Amino acid sequence: MKMSKMFVQTMREYPADAEVISHKLLARAGFIRKLTSGVYNYLPLMWRVLKKVEDITRDEMDKAGAQELLMPFLQPKELWEQSGRWEVYGRELMRLKDRHNREMCLGPTHEEIITSIARDGLKSYKQLPVNLYQIQSKFRDEVRPRFGLLRGREFIMKDAYSFDTTEEGLDKEYKNMAQAYKNIFNRCGLPTKMVQSDSGAIGGSLSHEFMVITDTDAGENDVFYCDGCDYSANSNHAISKLPEAVTDGGFSKKEIVDTPKTTSIDLLAEFLKVPSSVILKDLVYIIDKKPVMALIRADKEVEETKLLNAFQGMEIRIATAPEIEEIMTKHGFNAAKGFIGPEGMDDIPVIADESVKDLKNFVVGINKEDKHLVGANLSDVRIDKFADIRLVQAGELCPQCGKPLKVTRGIEVGNIFKLGTKYSKPMNATYLDKDGKAQPYIMGCYGIGISRTAAAAVEAHYDEFGIKWPIAIAPYHVVITPVNIQDAEQMKIANEMYEKLISAGIEAVLDDRDERAGVKFKDADLIGFPFRITAGKTISEGLVEYKVRETGVQEKVTPEVAVQHVIDAVKAAL
RNA sequence: CGGGAUGUAGCGCAGCUUGGUAGCGCACCUCGCUUGGGACGAGGGGGUCGCAUGUUCAAAUCAUGUCAUCCCGACCA
C-alpha cells in the first residue's frame with residue numbers, strides 16, 4: 001500500500017470527547033470516527049485490525065470444532081417472548097416496530113435465535129454435540145456509552161453456542177472453549193486472566209470471564225486475585241473470608257433506644273459509640289419491580305448481582321427515597337429511610353448476608369422515627385434466608401488459601417457460560433434420546449468482543465507517541481520510509497525493499513508522500529506499525545535503518561538484512 | 001431519570017458580557033523554498049454560527065423552546 005493513497009487522516013490533537021487512551025489514539029490516528037453516541041465507523045485501518053482479530057478467532061473456533069453461521073441482526077419479539085426475556089430484559093434491548101407495527105428488537109445477543117435454529121434442525125441425539133458460532137454486530141442501548149470502542153452501543157462480537165446431551169458433554173465443551181480462548185488472546189498478543197464470574201442477564205450456572213489486566217482508566221471491572229494461589233474472580237462473583245472484627249454489640253439487654261437524626265450508618269455508629277460492624281443495615285432493592293430487603297453487616301456493602309441471583313431475578317436497582325416512604329406508609333409506619341427494618345413488613349422477602357450470622361447484641365432499625373433496637377439477636381429479626389450477597393473488598397482473605405486478596409482492574413474481552421437448559425426448556429427446544437424421549441438441549445454460550453479486544457490491545461500497548469500494535473493484529477506489519485522522495489537513490493532502495501516484502505507476503509506500506517521526515521515518523525509511530533525501515537542519509541553507505549516500534553530498538557543494516565529481519569519477525573509472530 | 005457543561009469549517013478553539021461585513025491554529029488546494037522527529041513564505045477554497053420561534057432597523061451574540069454531544073450522579077437507610 002502506498003501511503004499517499006491510503007485512506008487515513010491523522011490529527012495533531014486528540015478529539016475533545018475522548019476520555020480513555022484507546023479512544024483517543026484510535027480517533028487521532030484515523031482508525032475510527034464516531035457517527036453517533038456509542039456508534040463508530042470502522043475506517044480502513046481499523047477494519048484491517050478487526051478482520052485480523054476475527055480471523056484468529058475464526059481459526060481457533062474452527063480448530064476447536066465449532067461451525068460458523070450468520071444470524072439476523074433484526075429479531076422478532078415472538079422468540080423473546082418464548083424465552084421470557086421480552087418482558088424482563090431492560091431498556092438495553094433496542095425495541096422497534098416495522099411498518100406493519102410488528103414488534104422487533106436489535107440483537108444484543110442471540111440465544112433465542114440459535115435455540116430456534118437448533119430446535120428446527122437438531123432432532124436426534126445422534127446429531128449432538130454441536131457448537132455453532134457467528135461473528136456479527138450487536139446492539140445494546142447502553143444508558144451511557146463511553147470509552148469509545150470499549151463500551152459502545154454497537155459492537156462486533158463472536159458468539160458461540162453449544163448443544164449437548166449431558167452435563168459431562170457441556171463440561172468438556174466448556175473446557176474446550178476455555179482453551180480456544182486462551183489460544184485466541186495469546187495469538188492476538190493480549191495476555192488475559194481467566195476469572196470466575198457471574199453469568200448476568202444471560203443466566204446459567206457457571207461462567208468465567210477473560211480479562212485483559214490494565215492499569216489504564218478503561219478497566220471497568222474489579223478483579224480480585226490472590227498471590228498465594230490461583231484464585232481470581234470478578235467482583236460480582238468473588239468470595240472471601242472476613243478478617244477479625246467486632247461482631248458483638250456488647251449491649252446488656254434488648255431495648256428500644258432514642259437515636260435522633262441518625263439517618264446514616266456513620267451517624268448511628270457515632271451516636272451509639274459502637275463500630276458499624278455491630279449494626280445490621282437494611283437495604284431495600286427493587287428486583288423485577290418488586291421490593292426486597294437485604295440485610296448486611298453495616299461495615300460491608302451489598303453486591304447487587306449476587307443479590308439479584310439470590311432471587312433469580314433479571315433486573316435490580318436500589319429503591320428510591322420516595323419508594324421507601326411509600327412502602328413505609330403502606331405498612332402503617334411513618335419514619336425516615338434511616339430507620340427501616342424488616343419489622344412489620346411481612347409481605348416483603350428478607351434476605352441476609354452470611355456475615356449477619358456472626359452478629360450478637362446488634363443494632364437494627366424498627367421503622368420508628370429516631371429510634372433503633374439495640375442488643376438484638378438473630379431470633380429478633382425476620383430473615384427468610386441467608387446467602388452470600390456481600391461485595392468483596394481488597395484486603396479480605398482468599399477463600400482458598402487465606403492470604404489477603406488484591407484487586408486490579410481489567411477489561412472483559414471474552415466470557416464463557418454454562419447455560420444448561422435455561423433457554424431450551426422454555427423454548428421447548430428438544431431432541432429425541434435413545435429411548436425416543438424428548439430432552440432439552442444442555443447449552444453453553446461463549447462470547448468474544450471483537451471490537452473491544454482490538455481496543456483493549458491499544459490500552460495494553462501504547463506509549464506517548466502512539467499505538468504499538470502486536471504484530472498479529474497490526475493493520476500493516478511494516479512501513480518503509482524514504483526520508484526524501486526527491487532523492488532517487490532513497491526511492492529506488494525503498495521501492496526494492498517494498499517489492500521484496502510484498503512478494504514475501506508481508507503487509508507493507510511505502511510512505512511515498514512528499515512530506516518532511518518528521519511528519520512521516522510521527523505518523524508511523526502514531527498509527528503503530530510494528531516495524532519501520534527508513535531509507536535516509538545512510539543510503540550512500542548502502543545502509544538503511546531498521547526500527548522496532550515495541551522496543552524502540554534500531555540498527556543500521558543493509559536493505560537485504562532489514563527486509564529479512566521483518567520477514568523473520570513477522571513469521572515468528574504469526 | 002437528576003445535576004453540570006458544551007454545540008461556530010474535517011479537527012482543536014476564540015468571538016457572545018456591551019447586537020452592526022464570521023475569525024485563529026492545524027488539515028486541504030496552488031506556487032516557491034525546504035527535506036532525519038508534526039518547517040517557512042505568498043496566495044486560495046470551505047461555515048444558512050445545532051434547530052425553531054420571538055425581540056430588534058439589524059441576532060453567532062438577547063429571550064423562550066427544542067435537539068444533540070460530553071461529564072458527574074442516580075439515594076448503602
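This structure is a prediction, so every number in the text was calculated from the model and none was measured. Lettering follows sequence order; numbering is per chain, from 1.
Regarding contacts with the backbone of B:rC71, every side-chain N or O of A:Arg146 stays at 4.0 angstrom or more from both OP1 and OP2. Proximity of A:Ser37 to the phosphate of B:rC70: a side-chain N or O atom is located under 4.0 Å from OP1 or OP2. Between A:Lys34 and the phosphate of B:rC70, there is a side-chain N or O to OP1/OP2 separation shorter than 4.0 Å.
The distance between atom CD1 of A:Ile296 and atom C1' of B:rC76, rounded to the nearest whole Å, is 9 Å. Rounded to an integer number of Å, the gap from A:Arg33 CZ to B:rU69 C1' is 14 Å. As a whole-Å value, the separation of A:Glu304 CD from B:rC75 P is 8 Å. Rounded to whole Å, the distance from CD1 on A:Ile316 to P on B:rC76 is 15 Å. For the pair A:Glu301 CD and B:rC75 P, the interatomic distance rounds to 12 Å; values are reported in whole Å. Rounded to a whole Å, the NZ atom of A:Lys24 is 14 Å from the C1' atom of B:rC70.
Pairing of B:rG73, defined by two Watson-Crick or G-U wobble distances under 3.5 Å, is identified with B:rC1. Across all strands shown, B:rA42 is found opposite B:rU30 as a Watson-Crick or G-U wobble partner, with both distances under 3.5 Å. Nucleotide B:rU48: unpaired (no Watson-Crick or G-U wobble partner with both distances less than 3.5 Å). The partner of B:rG23 is B:rC13, by the rule that a Watson-Crick or G-U pair needs both atom distances under 3.5 Å. The nucleotide B:rG7 finds its pairing partner in B:rC67, both defining distances of the Watson-Crick or G-U wobble pair being shorter than 3.5 Å. Applying the Watson-Crick and G-U wobble criteria (two distances, each under 3.5 Å), B:rU56 pairs with nothing in any strand.
B:rC75 and B:rC11 are spaced 40 Å apart, taking the C1' atom of each and rounding to whole Å. Here, B:rU21 and B:rG37 have their C1' atoms 43 Å apart, quoted to the whole Å.
In the interface, the side chain of A:Arg144 is not paired with the base of B:rG2 through any donor and acceptor atom under 3.5 Å apart.
A cation-pi contact, defined as under 6.0 Å to the ring centre and within 45° of the axis, is absent between A:Lys547 and A:Phe529. Relative to the ring axis of A:Phe386, A:Lys357 places its NZ or CZ within 45° and under 6.0 Å from the centre. Cation-pi geometry between A:Arg95 and A:Trp80 is not met: the NZ or CZ atom fails to fall both under 6.0 Å from the ring centre and inside 45° of the normal. Taking the centre and axis of the six-membered ring of A:Phe521, the NZ or CZ atom of A:Arg532 falls inside the cone set by 45° and 6.0 Å.
Only A:Arg516, A:Ala517, A:Gly518, A:Val519, A:Phe521, A:Lys522, A:Asp523, listed by number, bring a heavy atom of residues 516-524 of chain A to less than 4.0 angstrom from any atom of RNA chain B.
Side-chain atoms of A:Thr538 lie closest to B:rG36 of the nucleotides B:rC72, B:rG36, B:rG37.
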Which letter, B, S or -, goes with each nucleotide of nucleotides 22-31 of chain B from 5' to 3', with contact meaning a protein heavy atom under 4.0 Å?
---BSS----

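Ring geometry for A:Phe531 versus A:Tyr546: interplanar angle under 30°, hence parallel rather than tilted (30 to 60°). Between A:Tyr42 and A:Trp47, the ring planes lie parallel to each other; the angle is under 30°, not in the 30° to 60° tilted range.
Residue contacts for A:Lys300: at a heavy-atom cut-off of 4.0 Å it reaches no nucleic acid atom on any strand shown. Within 4.0 Å (heavy atoms only), A:Leu526 reaches at least one base atom of the nucleic acid.
Judged by distance alone, the side chains of A:His372 and A:Thr259 do bring a donor and an acceptor atom under 3.5 Å apart.
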Tabulated below should be each protein N or O lying under 3.5 Å from an N or O of nucleotides 42-47 of chain B; please produce it.
none

